[in-house]
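Okay, so here's the structure we're looking at.
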2 protein chains.
Amino acid sequence: MSLDDTRNIIIKVADRLFSRFGFHKTSMDEIAKIARKAKGSLYYHFASKEELFKEVVSKEINKLKHTLSNIIEDPDLDASEKIKKYLVDRMVVLNDSANYHETLRADFFEHFDFIDSLRTDLDNWEKENLKKIILQGIENGEFAPVKEMDVLLDMFIMVLKGLEIPFFLQEKYDKYSPYFEGLMGILIKGLAP
Amino acid sequence: MSLDDTRNIIIKVADRLFSRFGFHKTSMDEIAKIARKAKGSLYYHFASKEELFKEVVSKEINKLKHTLSNIIEDPDLDASEKIKKYLVDRMVVLNDSANYHETLRADFFEHFDFIDSLRTDLDNWEKENLKKIILQGIENGEFAPVKEMDVLLDMFIMVLKGLEIPFFLQEKYDKYSPYFEGLMGILIKGLAP
DNA sequence: AACTGACTAAAAAACATTAACAGTCAAAAA
DNA sequence: TTTTTGACTGTTAATGTTTTTTAGTCAGTT
């Protein structure tokens, strides 16, 4: 059994248990038992429970980034199509990211600030990549030039994060997802010249 | 000292103390002391601590509704101007509504569901009134007809509520308020034909 | 190097006790 | 009759103590 196998088994089991019970209600003993490893083995591969959880959330985030990067790099899409697909697929992927949902509560609970850097990194990544799309649109004449684009993007990311709470924590995504594209369409139209 | 005077004194003191210490950390004994009334007098006028807090939050909400109603009924504004002013002034008024800010946490804490009806009522009121503006815009040809307007408005209200968390709980409003109008402008432009 | 299982200090949970609190109500005051 | 009071009480919250669980450690084994 190679190094990677044990590590991946731990991650896989942790993903399952954290998804189901949340960070605080999942113990390292449980993860070890179900992974059929000694608890010390978990600590050989991960510095702490927090690092393990971050690894699990990072995998979800990387999956999201991968999906969105494909959209951004697709040469067949113009900027409007890209941003629409970005926004829609973003919610689709995040809807299935149970551990990510837990991070949405971070602002309201103590002992969860170790997650802040992950969330900040994702915000920065998103800002950067949305900006790419918008700049592409401006260059191609699809979008009007935008003043103060950086702050507007900050706020727009707040909007997206704010929507995640009713969608994923209050389970409203299923009800509203068929119409989300329509709302984003209005916004994208507002970007046009 | 008339009936209304005592009641108003209680409300005024409660507003101050709840604003400063929050609902859970303000006791009825304290409110009574500072209002120079017996605690039993508070219960003569208000059925419970919860009802007193709701009264205080309602006053903030009524102030908001009053401000926004003036905008909606202003005959000198077209629909675009109305909705822009609505959205901007909405945040201005809510920024000063400390007790309302506390209700934003309701979804994350127990023992606060007595506030739900207030929040639902405000959502419904907002939906109704935003719809009025949009319908006015559609009638006058300022806005394109909107499909599924009701669900889109639901989501838009989620967007506004979602923005309240960084703005008012994370104290980002001062930083971003100068640019909020710009973001709303893009959205309003997207409503145009 | 990777893994184990016994161990331990710290944190969390459970339990017990005390203090604070929301709410009550008969009596007093207006 | 209405409004207000202040003493009272059951419930809840806070505090303190004890027990259990947990994250993390590490010498020994593979």
Side-chain angles (χ1 to χ4, degrees), chain A residues 1-57 99 102 105-106 108-115, chain B residues 1-57 99 102-103 105-106 108-115 118:
Chain A
M1 178 154 305
S2 80
L3 174 66
D4 276 353
D5 284 349
T6 296
R7 195 170 186 275
N8 287 330
I9 287 168
I10 295 168
I11 293 175
K12 194 169 155 194
V13 171
D15 182 11
R16 255 173 58 213
L17 294 186
F18 284 141
S19 284
R20 184 156 168 212
F21 301 112
F23 174 76
H24 293 293
K25 295 286 185 175
T26 302
S27 70
M28 295 297 263
D29 257 337
E30 284 181 89
I31 295 170
K33 260 189 223 138
I34 288 166
R36 296 172 187 271
K37 304 291 170 189
K39 193 164 55 166
S41 198
L42 272 50
Y43 287 96
Y44 178 80
H45 290 273
F46 302 94
S48 62
K49 184 182 179 184
E50 296 179 350
E51 291 302 314
L52 178 56
F53 185 69
K54 280 165 76 175
E55 182 69 39
V56 166
V57 175
N99 290 298
E102 196 169 3
R105 296 192 174 94
F108 296 95
F109 294 96
E110 299 185 26
H111 311 304
F112 228 174
D113 42 357
F114 68 92
I115 281 287
Chain B
M1 177 158 296
S2 80
L3 175 67
D4 277 353
D5 285 350
T6 298
R7 195 172 186 276
N8 288 331
I9 288 168
I10 295 166
I11 294 176
K12 192 169 161 195
V13 171
D15 183 11
R16 254 171 60 212
L17 295 186
F18 284 143
S19 285
R20 184 156 170 214
F21 301 113
F23 175 75
H24 293 292
K25 295 287 184 178
T26 303
S27 71
M28 294 298 263
D29 257 339
E30 282 181 274
I31 294 171
K33 261 190 219 134
I34 288 166
R36 297 173 187 275
K37 302 291 169 188
K39 195 165 55 166
S41 199
L42 272 50
Y43 287 95
Y44 179 79
H45 289 272
F46 301 95
S48 62
K49 186 183 181 185
E50 297 179 350
E51 291 299 316
L52 177 56
F53 185 68
K54 279 164 75 173
E55 182 67 38
V56 166
V57 175
N99 291 299
E102 196 169 4
T103 72
R105 292 191 177 96
F108 296 95
F109 295 96
E110 298 187 22
H111 312 306
F112 228 171
D113 43 359
F114 68 93
I115 280 287
L118 279 194

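First the proteins, then the strands, lettered A, B, ... as listed; each starts at 1.
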For [X] and [N], what is the distance between atoms [atom1] and [atom2] respectively, to the nearest whole Å?
{"X": "Asp29(B)", "N": "dA7(D)", "atom1": "CG", "atom2": "C1'", "result": "12 Å"}
{"X": "Phe114(A)", "N": "dG24(D)", "atom1": "CZ", "atom2": "P", "result": "10 Å"}
{"X": "Ile31(A)", "N": "dT22(D)", "atom1": "CD1", "atom2": "P", "result": "12 Å"}
{"X": "His45(A)", "N": "dA23(D)", "atom1": "NE2", "atom2": "P", "result": "18 Å"}
{"X": "Lys33(B)", "N": "dC21(C)", "atom1": "NZ", "atom2": "C1'", "result": "12 Å"}
{"X": "Leu52(A)", "N": "dA23(D)", "atom1": "CG", "atom2": "C1'", "result": "12 Å"}

Which heavy atom of [X] sits nearest to which heavy atom of [Y], and what is that distance?
{"X": "Thr26(A)", "Y": "Leu17(A)", "result": "OG1-O, 3.1 Å"}
{"X": "Ala14(B)", "Y": "Val56(B)", "result": "CB-CG2, 4.0 Å"}
{"X": "Ser41(A)", "Y": "Ile10(A)", "result": "O-CD1, 4.2 Å"}

message: Check for me whether Lys54(B) meets the cation-pi criterion with Phe114(B), that is, NZ or CZ under 6.0 Å from the six-membered ring centre and within 45 degrees of the ring axis.
response: no
message: With salt bridge (charged side-chain N to carboxylate O under 4.0 Å, His left out) as the criterion, how do Lys39(B) and Glu30(B) come out once you've worked through the C-alpha distance, each side chain's angles and the decisive distance to 0.1 Å?
response: CA-CA 9 Å; Lys39(B) 195 165 55 166; Glu30(B) 282 181 274; over 6 Å; no
- prompt: Atom NZ of Lys49(B) and atom CZ of Phe23(B): how far apart are they, to the nearest 0.5 Å?
  reply: 4.5 Å
task: Supply the atom-to-atom distance Leu42(A) CG to Ser48(A) OG, rounded to the nearest 0.5 angstrom.
output: 11.0 Å
field: Any side-chain donor near an acceptor of the partner, Ser19(A) and Asp15(A), under 3.5 Å
entry: yes
- prompt: Do any of residues 15-27 of chain B sit with a heavy atom less than 4.0 Å from DNA chain C, and if so which?
  reply: Thr26(B), Ser27(B)
- prompt: What string of B, S and - do you get for nucleotides 23-30 of chain C, 5' to 3', when a contact is any protein heavy atom under 4.0 Å?
  reply: BBB-----
